[in-house]
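Working notes, structure below.
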Amino acid sequence: MELSTRYSPAEFENDVYERWLASGGFTPSAKRDGTKKPFVIMIPPPNVTGVLHMGHALNGTIQDVIIRHRRMQGFDALWLPGTDHAGIATQAVVERKLYEDEKKTRNDLGRDAFLARVWAWKEEHGSYILQQYRRLGASCDWSRTRFTMEPHMTRAVRESFVRLFDKGLVYRGARLVNWDCVLQTAISDDEIEYVSKKDKLYELRYPVKGREDEFVTVATTRPETMLGDTGVAVNPGDARYAHLHGATLVLPIVGREIPLVLDDTVETDFGTGAVKVTPGHDPADYERGLRHKLPIVNLYEKDGRLNENGGPFAGLPREKARDAVIKKLEELGLLGKVEDYTHNVAISDRSKSIIEPLVSEQWFVKMKPLAEPAIRAAKSGRLKFRPERWEKVYLDWLENVHDWCISRQLWWGHQIPVWYDEDNVPVASRTDLAIGSKHPQTGKPIVRRDEDVLDTWASSWLWPFATIGWPDKTEDLARFYPTQFLSTAREIIYLWVARMVMAGYEFLDHLPEDQRCPFDVVNVHATVLDPKGRRMSKSAGNGVDPIELIDKYGADATRYSLILLTKEGQDVKLAADRIEQGFRFTNKLWNAARFALMNVAGKATQDPTLTGAQLRLEDRWILSRLERARREATSALDEYRLNEAATLLYKFVWNDLCDWYLEMAKPRLSNEDDPSGAVARGTLVRVLADTLALLHPFTPYVTEVLWKTLHETTGGDAPMLMNARWPDGRGLSIDEAAEGEMQVLQDVVGAVRQVRNLTSLGERQPLQARIAAPRAAECAILTRHLPTMRALAFLSECDVSEKAERPKASAVAVSGGIEVVVLLGESVDLGKLKDVLQRRAEKVKAGIAAIDSKLGNAAFVERADPEVVAEERARRDELVLELSMLERNLAGF
RNA sequence: GGGCGAUUGACUCAGCGGUAGAGUGCCUCCCUUACAUGGAGGAAGUCGGGGGUUCGAAUCCCUCAUCGCCCACCA
């Protein structure tokens, strides 16, 4: 196969993905294979309504890097994909479409017809986001793709609900819930967000019963709720109201008599120190109402309009009611000061409408008992968070957990499996109960099923085990639970992660305790921000579409950039130029491989691990560097430090392999007569093969293509890289001697380059370099490698002579304690050269002074690590040597 | 009101107790037959301010400032 000169990922990515799929490597068998251990990641199921955004792209990349690495390490690697039915979000999408297309509401269609529409929508659009994951290169087992509304999940959800119901952990109660007036459903505390809103703070005056002209003034931002007031509270210690303790007030407009109560929670220094109490529509007032046994007045219909309790304002929506109430109070002379006021208001995550707290009948789960094992899991270290700080966030929530309102007044979702008899006695059942059949406990006829559906999280908290068969005892469940790694966004630590842990402990009771925890490690990934540091969001329109990046740069480049850019868990601003880094890297890799293959094709190669003595310094060096990179990358990946692994491989490929080894090997490769060519080719093949394997988790497409070409070129038959073994370093070792010698050569070349750069200021002339290495050891190295030095001549356009005589006119450079003297004509800019040398001399002097002050410090010499002290001394010696050479040369000007 | 993060060259970020790093951008040179999506060299940082611990601090502690997230019933 010919590789094109241009790296153009679009030409091969789709084909490669098809080959991966065909290989079956994404799909592990549930059958136990004695030699393989499972490694499992459950994808955080994206909403079926979702479109891939940067967060998904980053998280998808993280999971894919890890699963591919584990697969290559020989684990039975399963990455299970799927989507979430996302009750509210999906229903809202379909309702909106229905209204736009046909001007109908869901009520016009009726429940069954509407649900048919939702399913139709899901069939048409539901796999879109998973297709996008494929573009990224995600090696998910698509044969195990799950959906939280599929029939099996319904069974799992019912099983879990019935178990909790039978244990008394589910209860029905009237509670103040967050009501979304647009979607007309209750939503949980975790689904609301707070936004700052400019409002007004109104003072209202309530007449005191039986006392002419005496009033209690309350402050409120929501004057319309006064219609539902059933009390006014003041702080018991507030002297201003001491004379009114026990008084009764008369609620204006309504005329209701309401008591003045004493409550510690009232702040004396806010507003007037008197709080109107509306237990039906304010969470704090609800609590106060309970404490003082105040009645609850519900003011609203489900759509947010005032009901009959609104008196003269019944039927008005909330905003209009506010204006009307204010106007009326003004007429009555009971409106006090009105001030501008900025405060936080709760809005629905989904509809973005202002939440109206109201009292209604809902189903709740008792969370305290479920939270206990989840708390233990983290505290005992069974469950680990990365970065660790998120453990605290997780624990804080669990330790203060509130009961979970799980009923939603929606149609799209798992309908609550509860039936009622004629006396309204509920029963939960795994199977449908027919209307008219007998209630299992009371024996009375069943008259209806609960209309509500369950919160979406009541199905997704079962994700780690329901997706592989639970409640059935399947082979998959036995093989793949618990999982090892979960990577997710921080926003859903409470919503999802904590609940999955609870569910694992609660429902997997056939397993020993430590086997119930659904994962070993929870990775909380970075948030990708826009270039200004703001969250990317659809509404702000500041998102960057990862698919556009993939189109432009390829999936590999996008993946590599994301990993290079984001240290785990640390937010990052997405900078366009930083995305280019990944692209440049993949291009570099492509061309390096192309060069290697061009030189290897049809020629003899010798395995460098078998030809010991014939290895040149650069061969030994690159093999040593490869082994170092392999060890470091492996341990970084084993510990999920992806950014470190990617950075280190980047440096190995670019700075070691391309900048040095390929350049040094060129003469050997191009010269047909050079007997060491076969060794160089063998080295190149070995290094390239291992490098492709090490990079494969990060850049799977390009490495797969190059791997195939490499094996075609060398005539070998190889499995796909995806299914190949992770490099084990066979035949390689860390060669400290080779690395040390190579460092000397690199220093010399550095010095030569410096000089060469100076000469290019004038006319270019052939140069002759002489190297003056003042230390015996370095002289020996240089002498031994003079052929190599000549090979490097292309870099400096100079010959390297063995003698170290000082010429009269010369350009000089010093690097790493080695002096390079270059004979040249008048082309060198002597003024500039002197400048460079002087500046360098200054730096060296400063360096020496710094070390002297350190070494002169007795405390340092005594207390510091002896190795550190020795290093300082050695460093000083080098600097002194360099300074003497610099000064000698400067004296010549 | 609590909690957590961030603050390192022009920009985006690594480093987290012992000689200040990378990519981009900028300046000088080079189309050297893998790559100009490239190569060589260079300028550029009192590591947010102030205290402290230490022989030594970008790195640990305290404090302040700015920005950003999360949690919280101030009407």
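Computation of the quantities below employed the complete heavy-atom set of this structure, encompassing side-chain atoms and omitting hydrogens, waters and symmetry-equivalent molecules.
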Taking the same atom, P, in B:U33 and in B:C27, what whole-Å distance lies between them? 25 Å
Rounded to the Å, how far apart are A:Leu395 CG and B:C71 P? 16 Å
Paired with B:G17: which nucleotide, if any, by Watson-Crick or G-U wobble criteria at under 3.5 Å for both distances? none
Whole angstrom value for the distance that separates C1' of B:G21 from CD of A:Glu644: 14 Å
Contact class for A:Tyr650 (heavy atom, under 4.0 Å): base, sugar-phosphate, or nothing? sugar-phosphate
Taking atom P in both B:A58 and B:U53, what distance in whole Å separates the two? 16 Å
For B:G39, does either OP1 or OP2 sit under 4.0 Å from a side-chain N or O belonging to A:Lys588? yes
What distance, rounded to whole Å, do you find between the two P atoms, one in B:U8 and one in B:G45? 15 Å
For A:Arg222 and A:Arg322, which heavy atoms make the closest approach, and how far apart are they? CG-NH2, 3.6 Å
With both distances under 3.5 angstrom, what nucleotide forms a Watson-Crick or G-U wobble pair with B:U66? B:A6
Do A:Lys337 and A:Thr217 have a side chain donor and acceptor closer than 3.5 Å? no
Do A:Asn400 and A:Asp396 meet the criterion of a side-chain donor-acceptor pair at a distance under 3.5 Å? no
Toward the 5' end of RNA chain B, which comes first, A:Leu201 or A:Ala596, by nearest nucleotide? A:Ala596
Looking across every strand, which nucleic acid part, if any, lies under 4.0 Å from A:Val277 by heavy atom: base, sugar-phosphate, or nothing? nothing
Just N and O in the side chain of A:Arg875: are any of them under 4.0 Å from OP1 or OP2 of B:G18? no
Can you tell me the distance, in whole Å, between the CD atom of A:Glu399 and the P atom of B:G3? 16 Å
Compare the minimum distances between each of B:A34, B:A75, B:G39 and the side chain of A:Val275, then state the nucleotide with the smallest one. B:A75
OP1 or OP2 of B:C69 less than 4.0 angstrom from a side-chain nitrogen or oxygen of A:Arg490, does that happen here? no
Check every strand shown and say whether A:Arg222 touches a base, only sugar-phosphate, or nothing at a heavy-atom separation below 4.0 Å. nothing
Nearest whole Å is fine: how far is B:A34 C1' from A:Leu684 CG? 11 Å
Return no unless some side-chain N or O of A:Lys666 is found under 4.0 Å from OP1 or OP2 of B:A34. yes
Return the minimal non-hydrogen interatomic distance between A:Leu597 and A:Thr709, and the atom names on each side. CD1-CG2, 3.8 Å
For A:Lys276 and A:Thr225 the tightest heavy-atom approach is NZ-OG1, 2.6 Å
Could you state the CG-C1' distance from A:Asn643 to B:C16, rounded to the nearest angstrom? 14 Å
Identify the two heavy atoms, one from A:His281 and one from A:Pro357, that lie closest to each other, and give their separation to 0.1 Å. ND1-O, 2.8 Å
Look at A:Trp397 and B:G3 and indicate whether a side-chain polar atom (N or O) is within less than 4.0 Å of OP1 or OP2. no
Which whole-number value in Å describes the distance from A:Ile579 CD1 to B:U12 C1'? 11 Å
Taking any strand in view, what nucleotide pairs with B:U33 in a Watson-Crick or G-U wobble way, both distances under 3.5 Å? none
Expressed in angstrom and rounded to an integer, what is the separation of A:Asn178 atom CG from B:C73 atom P? 10 Å
The test is ring-ring contact (aromatic ring centres under 6.0 Å, His included); show your working for A:Tyr394 and A:Trp390 and say whether it passes. CA-CA 6 Å; A:Tyr394 165 92; A:Trp390 294 108; over 10 Å; no
At under 4.0 Å between heavy atoms, what does A:Lys392 touch on the DNA or RNA strands: base, sugar-phosphate, or nothing? sugar-phosphate
If I pick the P atom on B:G51 and the same atom on B:U12, what distance separates them, to the nearest angstrom? 28 Å
Considering every strand and a 4.0 Å limit on heavy-atom distances, what is the contact class for A:Glu871: base, sugar-phosphate, or nothing? nothing
Polar pair under 3.5 Å, donor/acceptor by atom type, side chain A:Gln570, base B:A14: no
Rounded distance (Å) that lies between atom P of B:C69 and atom NE2 of A:His525: 16 Å
Any side-chain N or O of A:Lys573 under 4.0 Å from OP1/OP2 of B:U12? yes
Describe the nucleic acid contact of A:Glu872 in one word from base, sugar-phosphate, nothing, applying a heavy-atom distance below 4.0 Å. sugar-phosphate
Base-pairing assignment for B:C47 (Watson-Crick or G-U wobble, both under 3.5 Å): none
Judged by nearest nucleotide, the residue sitting upstream toward the 5' end of RNA chain B, A:Leu657 or A:Gln581, is A:Gln581
Taking atom P in both B:C47 and B:A10, compute the distance separating them and give it to the nearest angstrom. 13 Å
Counting Watson-Crick and G-U wobble pairs only, both distances under 3.5 Å, name the nucleotide matched with B:U12, or none. B:A22
Could you identify the nucleotide paired to B:A58, looking across every strand shown and requiring Watson-Crick or G-U wobble geometry with both distances under 3.5 Å? none
